[in-house]
Visitor: 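Got a structure for you, questions after.
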Amino acid sequence: MTSIVPLPRVQQAPAGETPLHLSETLRIEAEPGAAAVAELLAASLRARGRRVTTTEVDGPATRIALRQQPAEPSATATSAPEEAYTLDVTSAGVELTAPTRAGLFRGSQTLLQLLPPDLSGAVAVDAVHVEDSPRFAYRGVMLDVVRHFFAVDEVLGLIDALALLKINHLHLHLTDDQGWRIEIDSWPRLTSVGARGAVDDAPGGFYTKDDLRRIIAYAAERYITVVPEIDLPGHTNAALSAYPELNADGVAREPYHGVEVGFSSLSAAPERAEATDRFLRDVLGEVAALTPGPWLHIGGDESWSTPAEDYRDLVRRITATAAATGKRVIGWHEIGASEDLPAGTVAQYWSYVSPVGDSADNVRAVVAQGGQVIMSPADAAYLDMAYPEPPATPGGRPLGLDWADGATSLAQAYGWEPTAIVDGISEADILGVEGPLWAETTHTMADVEYLVFPRVAALAEIGWSPAGERDAEDFVARVAALGPAWDAAGIRYARVPEVPWAGAAGDDR
Ligand code: ACM
């Protein structure tokens, strides 16, 4: 049977159908509205060595038809019908239909998984009928660009690899103690001072507004929404080093390039209120104006040096200012300590599969105020944890952390269920799932890819596929089939022992 990750809702081998034998030329036929999706698919197929046209051709050509049409009733029985699609491969060609362009794009990624990475020779594809739609509307990956900074083109490459797995949100952790990575016109020292350096004296850097626009536009073409995070009120040493007036004592903090957390905080002191509120309005306003997506992530985690009363006061001011931009607010689950959250606030849960401390209470408090949850249990969904039996790493250095109950295997990354973590939270309360990649140990994008792949495939399947259909043994067999695609795309991935990988490469390159 054909191998697709994440597992589709319905996948059938049509009775009596014979395989599709590709002609020398593939012809993508798309309505004008689907032209951009067709061009991206054409580019992917050409990169695999096949001649592709999107216009009329003389002579034989295998037809790939992309059609936008209203959903069948069965395809609308989902929480996110806007990404639904139907794909048919028959001996006559390929038919992809969807109610939206996003659905056509998701279906095109399934088609790319059905085709071999090398299309330069004779190719036969098994006939298949797929009806698909996601379980959760939000399936994200977070990239920390602070602890180590990544260039725009590197982020674009990661976006392509995430798109293949139907990830639809890229959360960028843009600010932290070690650096401020996004240009803010009204507070220029945030980058001229705050962007210098990274962990262990690695080079710093920041995205200009045009840089971030490029990332956002590239992601949007792949129906991926960028979620910007400005981490507040803790994790702010870079800002506190750039602007003395944000500190309670009026003295700029020293730059920090270590890996400790929990020592920095905006000040709740009345004499700092004017500067702090102006900072919040200006920064959150500029970031909201820069990002067309509906979200603004305000952090809120690990504010251990902020007194509890000050934390609640600051979170109230931060979330109110963020909501006033018109965006929907996301924060790490600690923000549930505030009883004044704006309507629809989302808590991002980052405790364990078995909750510790106040984490479950915090999540329930956000939901009780009309909010929702993104599930990122650190011992299963954090993509920056080490692998238990680490395969060879790209630079030969050990990669990944182990604070979240030790290393995380692919089996652990796959073996959790979003609705089974916080008691009293239902499927409808869960917006989706996200895998954060914190960059303390990742010096290069190859390091990032090694930690992300293959574990993000587990996250993608938890977020997309029907819960009752998930099967660990079947999953690793399907992940093995992704290896050649990742090899061909130049994606570095960890050849973890539980996957029956075919061929060489991966971490060996
Ligand atoms: C976190 O890992 N501090 C959200």
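Just follow the structure's listing: the first ligand is 1, and inside any ligand the first atom is 1. Numbers for residues simply follow the sequence, beginning at 1.
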Visitor: Can you sort out which atoms of ligand 1 are near W438, meaning under 4.0 Å from one of its heavy atoms?
Guide: 1 (C), 2 (O), 4 (C)

Visitor: Answer yes or no: does an N/O atom from W332 fall short of 3.5 Å to an N/O atom of ligand 1?
Guide: no

Visitor: Between E427 and R135, does any side-chain N to carboxylate O distance fall below 4.0 Å?
Guide: yes

Visitor: Are Q178 and H257 close enough that a side-chain donor and a side-chain acceptor fall under 3.5 Å?
Guide: no

Visitor: Closest approach of V5 and L165, non-hydrogen atoms and distance?
Guide: O-CD2, 3.7 Å

Visitor: Tell me whether W403 has any N or O atom under 3.5 angstrom from an N or O of ligand 1.
Guide: no

Visitor: Provide the number and element of each atom of ligand 1 under 4.0 Å from a heavy atom of D301.
Guide: 1 (C), 3 (N), 4 (C)

Visitor: Below 4.0 angstrom from a heavy atom of E302, which ligand 1 atoms are there? Numbered from 1 as shown, please.
Guide: 3 (N)

Visitor: Using only atom types and a distance under 3.5 Å, with no angle test, would you say the side chain of H171 pairs donor to acceptor with the backbone of V227?
Guide: no

Visitor: How far is atom 2 (O) of ligand 1 from its nearest protein heavy atom, and which residue and atom name does that atom have?
Guide: Y382 OH, 2.6 Å

Visitor: Check each of Y387, W501, W486, Y493 against F453 using the ring pair (Phe, Tyr, Trp, His ring centres under 6.0 Å) test, and report the only one that passes.
Guide: W486

